[in-house]
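Note that the structure is predicted; figures quoted are calculated from it, not measured. Naming: A, B, ... by sequence-line order, numbering from 1 per chain.
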2 protein chains.
Amino acid sequence: MKRRRSVARAAKTKPGKNAAPPKCAPKLALGQLDRHLGYFLRRLQIWVFQDFIETLRSMKVRPAQYSVLLLIEANPGRSQAVIGQTLGIERARLARLLHEMERRKWVARRASGSDARSHSLHLTADGEKELAKIKSLAERHEARLADHVGPKRHRQLMDLLRDFG
Amino acid sequence: MKRRRSVARAAKTKPGKNAAPPKCAPKLALGQLDRHLGYFLRRLQIWVFQDFIETLRSMKVRPAQYSVLLLIEANPGRSQAVIGQTLGIERARLARLLHEMERRKWVARRASGSDARSHSLHLTADGEKELAKIKSLAERHEARLADHVGPKRHRQLMDLLRDFG
DNA sequence: CGCACTTTGTTGTCAATGACAACATTCTGC
DNA sequence: GCAGAATGTTGTCATTGACAACAAAGTGCG
């Protein structure tokens with residue numbers, strides 16, 4: 001199916017308001033897909049991330065940043081290497097994440113006394129203040145997640161996955 | 001911490017063999033992180049995808065492609081729109097995925113009788129043959145996953161997530 | 001019928017992310 | 001002291017998600 005390419009790109013698509021109601025989900029067979037844990041894991045994980053990002057949009061915080069902030073809060077003074085290993089974030093990526101958080105004055109990198117190569121990571125006073133707001137929003141997200149999957153299932157999943165990790 | 005930039009980039013980093021054994025995991029406190037289902041969900045999901053990709057590396061099949069192949073197999077003749085909606089894959093991305101699978105002669109797009117806009121998706125004979133191999137590898141992956149999380153937990157997670165979806 | 005609007009598939013583009021390489025600096029083990 | 005490892009930094013590339021704009025075709029309504 002070849003279609004012509006046009007050069008002019010000017011006409012805006014303005015949404016009208018006499019649209020038909022959206023069609024229901026067509027309910028296809030999943031086939032072998034429903035024997036794969038990874039498939040369901042990923043579906044739920046996508047929902048979780050999207051809700052998290054939406055909930056924390058006002059703070060402009062993404063899941064990776066949030067996890068780094070929490071880990072610095074719980075383990076002040078540690079190095080980038082240790083934080084990255086714990087979260088599974090690669091060195092290069094963490095360096096850039098911290099660069100951004102330092103620019104926002106949420107995180108301070110101090111020289112480590114014991115190792116001149118590494119940085120000792122701390123939250124600034126600003127960072128702690130912002131993190132309090134962020135955690136409050138994150139709790140709201142978690143509540144919505146519990147509501148989405150059902151409180152009982154939420155508890156069960158949490159127990160299963162936490163024990164495993 | 002400013003560091004000089006150099007221009008010459010020639011010296012290779014050759015790994016030696018008198019390295020110290022890798023340090024053990026430093027076991028940091030997770031703080032609030034361990035109250036978030038999304039965190040554990042994501043950790044496991046990353047493991048799953050990496051193992052899947054590694055297991056199917058020889059076939060050069062990634063999770064998204066695999067899910068599309070399975071869905072076409074289970075629902076031959078459906079349109080791209082329906083497949084994409086079911087899997088949560090955006091139209092544009094699915095078009096490019098299918099372009100690749102068509103190039104590999106695994107998938108055929110036929111004209112739909114009822115709607116000249118849409119394509120009717122089918123596996124080719126080649127596609128079915130390859131998919132058989134792919135499914136066999138995918139089962140091996142799933143077995144490894146069950147071993148990783150524990151067979152009992154694997155069953156429980158599967159039940160919880162499948163019922164929910 | 002004509003018209004407005006939607007739907008489907010396509011391509012272009014951008015941002016976020018993961019992965020990896022190369023580097024300066026510093027540490028460690030011998 | 002030295003080779004090699006570790007740490008943090010920057011550069012680059014591939015994949016992915018998201019969105020916009022488009023042509024072609026369907027839908028509903030006057």
Any A:Gln50 side-chain N or O less than 4.0 Å from OP1/OP2 of D:dG17: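 For A:Gln50, the contact criterion (side-chain N or O under 4.0 Å from OP1 or OP2 of D:dG17) is not met.
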Residue closer to the 5' end of DNA chain C, A:Asp115 versus B:Arg93 (nearest nucleotide):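 Final value for this comparison: B:Arg93.
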Scan [X] against the nucleic acid and name what it touches under 4.0 Å (heavy atoms): base, sugar-phosphate only, or nothing.
| X | result |
| --- | --- |
| A:Ala64 | nothing |
| A:Gln65 | nothing |
| B:Arg91 | base |

Nearest-nucleotide comparison on DNA chain D, the residue closer to the 5′ end among B:Gly88 and A:Gln80: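 Looking at DNA chain D, the more 5' nearest nucleotide goes with A:Gln80.
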Take atom [atom1] of [X] and atom [atom2] of [N], then tell me their distance rounded to the nearest Å.
| X | N | atom1 | atom2 | result |
| --- | --- | --- | --- | --- |
| B:Ile46 | C:dT17 | CD1 | P | 12 Å |
| A:His119 | D:dT7 | NE2 | C1' | 8 Å |
| A:Leu121 | D:dT7 | CG | C1' | 12 Å |
| B:Phe49 | C:dG18 | CZ | P | 13 Å |
| B:Arg78 | C:dT7 | CZ | P | 17 Å |
| A:Ile53 | C:dA15 | CD1 | C1' | 12 Å |
| B:Glu90 | D:dA21 | CD | C1' | 13 Å |
| A:Ile83 | D:dT7 | CD1 | P | 13 Å |

Pair [X] + [Y]: basic N to acidic O under 4.0 Å:
| X | Y | result |
| --- | --- | --- |
| A:Lys105 | A:Asp126 | no |
| A:Glu142 | B:Arg35 | no |
| B:Arg104 | B:Glu100 | yes |
| B:Glu139 | B:Lys135 | no |

Over 12 non-hydrogen atoms of neighbours within 6.0 angstrom of NE2 in B:His148: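 Yes - once you tally the heavy atoms of other residues, nucleotides and ligands closer than 6.0 Å, there are more than 12.
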Side-chain donor/acceptor of B:Arg117 to base of D:dA24, under 3.5 Å: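 Such a pair does not exist between side chain and base.
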Just compare [options] and give me whichever is closest to any side-chain atom of [X].
| X | options | result |
| --- | --- | --- |
| B:Arg62 | D:dT16, C:dG9, C:dT11 | D:dT16 |
| B:Ala116 | C:dT11, D:dA25, C:dT8 | D:dA25 |
| B:Gln85 | D:dT10, C:dG18, C:dT8 | C:dT8 |

Expected output: side-chain B:Arg153 to main-chain B:Val149 donor-acceptor under 3.5 Å: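 Indeed, once roles are kept as given, a pair shorter than 3.5 Å links the two residues.
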Residues from residues 96-111 of chain A lying under 4.0 Å of DNA chain D - heavy atoms: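 Within this stretch, A:Arg96, A:Arg109 sit under 4.0 Å of the strand.
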Same apolar cluster (I L V M F W Y, side chains within < 4.5 Å links), A:Leu41/A:Phe164: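 Per the 4.5 Å side-chain linkage, A:Leu41 and A:Phe164 are co-clustered.
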CA sep, side-chain torsions, deciding dist, call: B:Arg144, B:Thr55, side chain to side chain donor-acceptor pair (under 3.5 Å): CA-CA 10 Å; B:Arg144 214 173 358 250; B:Thr55 305; 2.7 Å; yes
